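Convention: sequence-line order gives letters A, B, ...; per-chain numbering from 1. For the numbers below, each heavy atom of this structure counts, side chains included, while hydrogens, waters and symmetry mates do not. Quick caveat, the model's predicted, so the values are computed rather than measured.
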Number of protein chains: 2
Amino acid sequence: MAVKREPMSRRDRPAKPALSRRWIVETAVDIMRREGLEKVTMRRLAQELDTGPASLYVYVAHTAALHAAVLDALLGEVDLSGDEGGEDWREQLRAVMRSYTLVLFAHPQLARSALVARPSGENYLRLVERALGLLSLGGATREQAAWGVDTLLQSATATAAEQSTREHDPAATDDWNATVRALGTASATTHPAIAAHMPALIGGTPEQRFRWGFDVLVNGITHTPAPAVEE
Amino acid sequence: MAVKREPMSRRDRPAKPALSRRWIVETAVDIMRREGLEKVTMRRLAQELDTGPASLYVYVAHTAALHAAVLDALLGEVDLSGDEGGEDWREQLRAVMRSYTLVLFAHPQLARSALVARPSGENYLRLVERALGLLSLGGATREQAAWGVDTLLQSATATAAEQSTREHDPAATDDWNATVRALGTASATTHPAIAAHMPALIGGTPEQRFRWGFDVLVNGITHTPAPAVEE
DNA sequence: ACCTGAACACCGTTCAAGT
DNA sequence: ACCTGAACACCGTTCAAGT
């Protein structure tokens with residue numbers, strides 16, 4: 001007996017889920033993992049979702065908001081435990097910041113969008129919460145901790161945005177080479193200080209730079225008095 | 001008697017100068033001042049120069065390089081004297097960094113492009129030269145000065161990139177509002193540290209933040225030992 | 001060497017019209 | 001309320017062909 005069945009076409013592949021913000025963002029993350037953030041466009045995403053670009057605007061205000069949502073999803077990968085750091089608040093904070101930096105390094109173009117559109121998703125809040133707690137443990141005042149978290153995250157984000165571009169964008173590599181060349185050929189007579197600082201200006205391993213940059217900020221944050229902010 | 005004359009059309013307005021990198025960049029700066037960096041596109045620029053976009057590629061490798069050239073031109077406006085600062089190296093450096101920050105704040109979208117494509121023009125070199133000199137005066141080692149300049153410029157640039165977006169881009173204002181709202185509504189039970197740091201997290205005048213941020217970095221840079229970089 | 005027209009392969013966003 | 005087709009107004013970059 002033939003079984004009565006629905007027309008097959010709809011069942012050949014997993015049914016196309018109804019449009020929803022959640023599903024849109026998941027698909028966007030997918031495209032980013034496979035092809036990079038520059039392919040996460042409204043048009044391309046719509047195509048992947050089997051609809052027209054106009055449909056997305058019901059759930060996403062504009063492209064920047066889409067990228068911000070992708071970023072927050074990625075921040076879910078940050079290890080907030082600070083486990084490697086042991087008991088010391090400073091080492092734990094270092095581990096958290098290292099994890100944050102690594103996530104951004106692994107997804108290059110995202111760091112850039114974080115500088116432009118400050119994230120505000122759940123994973124971002126968790127990260128801020130954790131960093132505030134660790135700085136407080138280290139004896140930072142309320143203002144020092146609050147502004148310090150800002151500075152730490154901004155610095156890590158900016159570093160990732162700079163470095164990442166260099167690694168993945170051929171054009172940006174040119175720019176970096178141009179900078180190195182420009183610094184290198186600055187003559188000792190016209191730019192004596194540059195010449196005198198030369199090996200250091202372009203040297204240092206990424207790990208050395210990360211460690212020093214982190215220590216600079218934490219030392220500065222905990223030792224520089226901040227004015228009180230009123231309610 | 002009728003005077004014999006050339007066809008007028010060519011003389012009605014200042015003769016169209018021959019294409020040259022110099023003239024291209026000047027025109028680009030012009031468009032940016034009038035309409036913002038987002039209008040400085042290859043196509044728009046070519047139109048302004050009365051030619052086709054393809055012609056520009058003889059002088060400019062790609063759009064990012066064009067924006068980098070515009071940025072370097074703008075950096076000519078930075079006051080390197082540090083005059084307001086008096087005799088103290090620290091106050092002079094603060095004045096220089098303040099001037100740099102103000103230039104970027106005045107030309108918002110440029111800061112963003114500086115983070116992506118590191119500048120390497122003459123004006124950028126002068127700025128680095130000056131900052132290195134002042135940090136050395138303050139007793140920084142070669143490594144501290146070299147890496148410190150990087151950090152100072154990066155921090156100022158990132159701050160401008162963040163703030164500037166908020167001021168000029170309506171969408172970015174939304175994002176900032178979203179962040180403030182997200183931080184503000186983080187409940188005391190799920191995010192106690194955020195709640196505890198609340199007025200400070202989003203508070204402080206730009207001037208307070210600038211001063212504190214600068215002091216954090218300078219204190220950190222001069223007090224944090226850096227490993228030696230070999231030749 | 002320098003310049004160009006034309007083409008290729010894309011974008012974001014809006015809006016009137018449909019369900 | 002949600003979804004869509006179609007349009008508007010743009011992009012960057014390449015390349016064969018010209019001067």
Between [atom2] of [N] and [atom1] of [X], the distance in whole Å:
{"X": "A:Gln47", "N": "C:dA9", "atom1": "CD", "atom2": "P", "answer": "14 Å"}
{"X": "B:Trp23", "N": "C:dC2", "atom1": "CH2", "atom2": "C1'", "answer": "19 Å"}
{"X": "B:Leu19", "N": "C:dC3", "atom1": "CG", "atom2": "C1'", "answer": "8 Å"}

Exercise. Report the stems of DNA chain D as range-with-range entries sorted by first number; a stem here is at least three consecutive pairs, Watson-Crick or G-U wobble, both distances under 3.5 Å, and write none if there are none.
Key: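 So far as stems of 3 or more pairs are concerned, DNA chain D shows C:4-8 with D:12-16, C:12-16 with D:4-8.
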Quiz item: Do the side chain of B:Glu143 and the main chain of B:Val229 share a donor and acceptor less than 3.5 angstrom apart?
Solution: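 Yes: the side chain of B:Glu143 pairs with the backbone of B:Val229.
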If I compare all heavy atoms of [X] with all of [Y], which pair ends up nearest, and what's the gap?
{"X": "B:His67", "Y": "B:Ser113", "value": "CB-OG, 4.2 Å"}
{"X": "B:Gln109", "Y": "B:Gly36", "value": "NE2-CA, 3.9 Å"}
{"X": "B:Gly148", "Y": "B:Leu135", "value": "C-CD1, 4.1 Å"}
{"X": "A:Ala28", "Y": "A:Leu45", "value": "N-CD1, 3.8 Å"}
{"X": "B:Leu125", "Y": "A:His191", "value": "CB-NE2, 3.9 Å"}

Quiz item: Sequence neighbours excluded, which residues qualify as salt bridge (charged side-chain N to carboxylate O under 4.0 Å, His left out) partners of B:Glu48?
Solution: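 By the salt bridge (charged side-chain N to carboxylate O under 4.0 Å, His left out) rule, B:Glu48 matches B:Arg34, B:Arg44.
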Quiz item: With sequence neighbours left out, what residues match A:Ser81 under side chain to side chain donor-acceptor pair (under 3.5 Å)?
Solution: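 Side chain to side chain donor-acceptor pair (under 3.5 Å) list for A:Ser81, sorted by chain: A:Asp79, A:Asp83.
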Quiz item: Quick one: which of C:dT4, C:dG12, D:dC2 gets closest to the side chain of B:Thr51?
Solution: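 The answer is C:dT4.
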Exercise. Give a yes/no on whether any side-chain N or O of B:Tyr59 is located under 4.0 angstrom from OP1 or OP2 of C:dC3.
Key: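 Yes, B:Tyr59 has a side-chain N/O under 4.0 Å of OP1/OP2 on C:dC3.
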Exercise. Ignoring backbone atoms, establish whether A:Thr63 has a side-chain N or O less than 4.0 Å from OP1 or OP2 of C:dT13.
Key: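 It does, given that an N or O in the side chain of A:Thr63 lies less than 4.0 Å from OP1 or OP2 of C:dT13.
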Quiz prompt | Separation between CG of B:Leu93 and CZ of B:Arg98, rounded to the nearest 0.5 Å | solution =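 It is 11.5 Å, given to the nearest 0.5 Å.
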Quiz item: C1' atom, D:dA16 versus C:dC2: distance in rounded Å?
Solution: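 D:dA16 and C:dC2 have their C1' atoms separated by 15 Å.
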Quiz item: Mind checking the P distance from D:dC8 to C:dC10? Whole angstroms is fine.
Solution: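 Each nucleotide's P atom is 22 Å from the other's.
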Quiz item: Which residues within residues 33-45 of chain A lie with some heavy atom under 4.0 Å of an atom in DNA chain C?
Solution: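 Those residues whose heavy atoms fall under 4.0 Å from DNA chain C, taken from residues 33-45 of chain A in numerical order, are A:Thr41, A:Met42, A:Arg43, A:Arg44.
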Exercise. Would you mind listing every salt bridge (Lys or Arg N to Asp or Glu O under 4.0 Å) that reaches into residues 57-77 of chain A, with sequence neighbours excluded?
Key: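 Passing the test, one end in residues 57-77 of chain A: A:Arg33-A:Glu77.
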Could you list, one pair per line, each protein nitrogen or oxygen that sits under 3.5 Å from a nitrogen or oxygen of nucleotides 14-19 of chain C, together with the distance?
none

